[in-house]
There are 2 protein chains.
Amino acid sequence: MQYSNHTRFQTDNTTMLKTSGKSRTAGQPPVQQSPVYLGIRSAILGHSITPGTKLPEDELGDIYSVSRTVVRAALQALALDHIVSLEPNRGAFVAKPTRLEAREVFEARSLLEPKVAAMAAEIAKPADIALLERHMEEEHAAVAAGKDGEAVHLSGQFHVAIAEIANHSIYTDFVRRLCSRSSLIVALYWRRRDTICEHHAHHELVKAIAQHKPKDAAELMVSHIVDLFSGLDLSEREPVGKKLSDILKV
Amino acid sequence: MQYSNHTRFQTDNTTMLKTSGKSRTAGQPPVQQSPVYLGIRSAILGHSITPGTKLPEDELGDIYSVSRTVVRAALQALALDHIVSLEPNRGAFVAKPTRLEAREVFEARSLLEPKVAAMAAEIAKPADIALLERHMEEEHAAVAAGKDGEAVHLSGQFHVAIAEIANHSIYTDFVRRLCSRSSLIVALYWRRRDTICEHHAHHELVKAIAQHKPKDAAELMVSHIVDLFSGLDLSEREPVGKKLSDILKV
DNA sequence: TAATCAGATATTGTATACAAAACTTACGTG
DNA sequence: CACGTAAGTTTTGTATACAATATCTGATTA
């Protein structure tokens, strides 16, 4: 919209800023580094946007001053992360994980993350421990400031940080995906308020990792995840009743 | 960048409520059903295109008679699957997994798939067993016809089918991703020719699943994956890619 | 000969245009 | 009133246009 008529001769610092600094390593597809992707993602995972909210392309394009082309790319990437849901001809919505998905996410986490924690405990260096402690402080600060959603997001990043220490790109990718979805799940189904217990669990975990006790780390991770899961309220039926037409159809 | 200034996202409860119950069951984003995505994907996984090959947007658009817009969407999705690699301002290339990635993929598989096989063994119905046997036949036929790459792809689908029987959408997604990458890894690093052994392993696996022996299924799966891994040559030289070939068909 | 560089060509990145589908609203009909 | 129904509006899906970047070609020079 406001991006009209770029002439060939005038120096276009906007474009320069966008394209400069891209790493050659290309660990991730470019779209995952775009401000649109990152902005929407962190707003969702930090609980600034409620699950189910529509994400209109025009509006997002205006906010980030880009065209729908790049917004669509970001939304597609977020959809493949299961953070947003793309419905054909209807648009993008913040994803609403079902209770079944919630169970699956935590089951997968309870398989993957103990393994990852054990791997991290085996090879963690002092700098890694310091990083984890910094993560915990951030999270603690968010809790203290009453920024509940932000704290959930940061808690996820703590788990991802452990995976990064384990130095296994695939596990890290999986854990990142699962933690993202966990943020949404917490937004929908959390019932307890005792984040203190979580902080304590993280602390114990870091201690086990720092002392190179893989077994302990794995066990602490399992119980931590089980504990998280038990803080969810997955009792009743699907989040909201389906329309009659959906039930009766075919 | 902050959403807090844009109240529409948070105040528009009407939209949220209306759209909240709208579960369209669409398990996958539309891109993953597009002929472009599927065509390129199966060409790569069936070893019709060599790792490293460039995938020009124009050319693909001509082949599938669509514009670059939809080609780009497909390529982006494939990049997030690690099947193609997107290099900024240079384009898309068939991914070339490194040896490290190969090790990581098979390590992840040896964690996930035994679990999945055990789950499948617990709940498999006769129809599921029949499906697995059909998969094996297809694979066997491909081997007999000398279609080696196709056989690798089908072998991956067999593993995905087990995950589908286990009825866990996240594990299925993970296994699908890992098997895709395994196809590429085999294309680059395979050294043995004894696919018979693989057929035998699959047969044993199906038997254990059919007889509802989770423990056996898990153990058979582990050794099968270890066996696959040992068929790779991950010793020294970097993988090589060939030049462009237009084996892609509509 | 090998290396370098300028211009020409080709390809990607992004914006915009337009068609198709969904949503809204207002209106009639039972 | 409830319920469909048909304009008009909005939003998405795809194609195309153009700018930015990369790649190729060929001439020039050490």
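Please read these numbers as outputs of a predicted model, since none were measured by experiment.
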task = Look at the side chain of A:Arg90 against the base of D:dG13 and say whether a donor-acceptor pair falls under 3.5 Å; ignore hydrogens and angles.
result = no
query = 5'-most contact on DNA chain C: B:Thr69 or B:Glu57, nearest heavy atom basis?
reply = B:Glu57
task = Write down the distance between CG (B:Leu60) and P (D:dA15), rounded to a whole number of angstrom.
result = 14 Å
ask   = Can you tell which of C:dT14, C:dA22, D:dT14 lies closest to the side chain of A:Val70?
value = C:dT14
key: Atom-pair distance (CG on A:Leu86; P on D:dT11), nearest Å   = 17 Å
key: Residues B:Arg176, B:Glu164: salt bridge by 4.0 Å N-O rule   = yes
request  = Return the value, rounded to whole Å, for the distance between atom CD of A:Gln33 and atom C1' of C:dG13.
outcome  = 15 Å
remark   = To the nearest angstrom, the CD-P distance between B:Gln76 and C:dG13 comes to 11 Å
task = Mind checking the OG1-CZ spacing from B:Thr53 to B:Phe93? Nearest 0.5 Å is all I need.
result = 10.0 Å
ask   = Side-chain N or O of A:Arg72 less than 4.0 angstrom from OP1 or OP2 on D:dG13?
value = yes
inquiry  = Using whole Å, what does the distance between atom C1' of nucleotide C:dT14 and atom CZ of B:Arg68 come to?
reply    = 9 Å
message = Taking the basic N atoms (NZ, or NE/NH1/NH2) and the acidic carboxylate oxygens, is any pair closer than 4.0 Å for A:Arg90 and A:Glu87?
response = yes
query = Any side-chain N or O of A:Lys54 under 4.0 Å from OP1/OP2 of D:dT10?
reply = no
inquiry  = In whole Å, I'd like the distance from the OH atom of A:Tyr64 to the P atom of C:dA15.
reply    = 15 Å
Nucleotide of D:dT11, C:dT12, D:dT14 approaching A:Asp58 most closely (side-chain heavy atoms) = D:dT11
key: Separation of atom CD in A:Glu87 from atom P in D:dT11, rounded to whole Å   = 16 Å
request  = Let me know the distance between CG of B:Asn89 and C1' of C:dT12, rounded to the nearest Å.
outcome  = 6 Å
message = Below 30° counts as parallel, above 60° as perpendicular, anything between as tilted: where do the rings of A:Phe229 and A:Phe106 land?
response = tilted
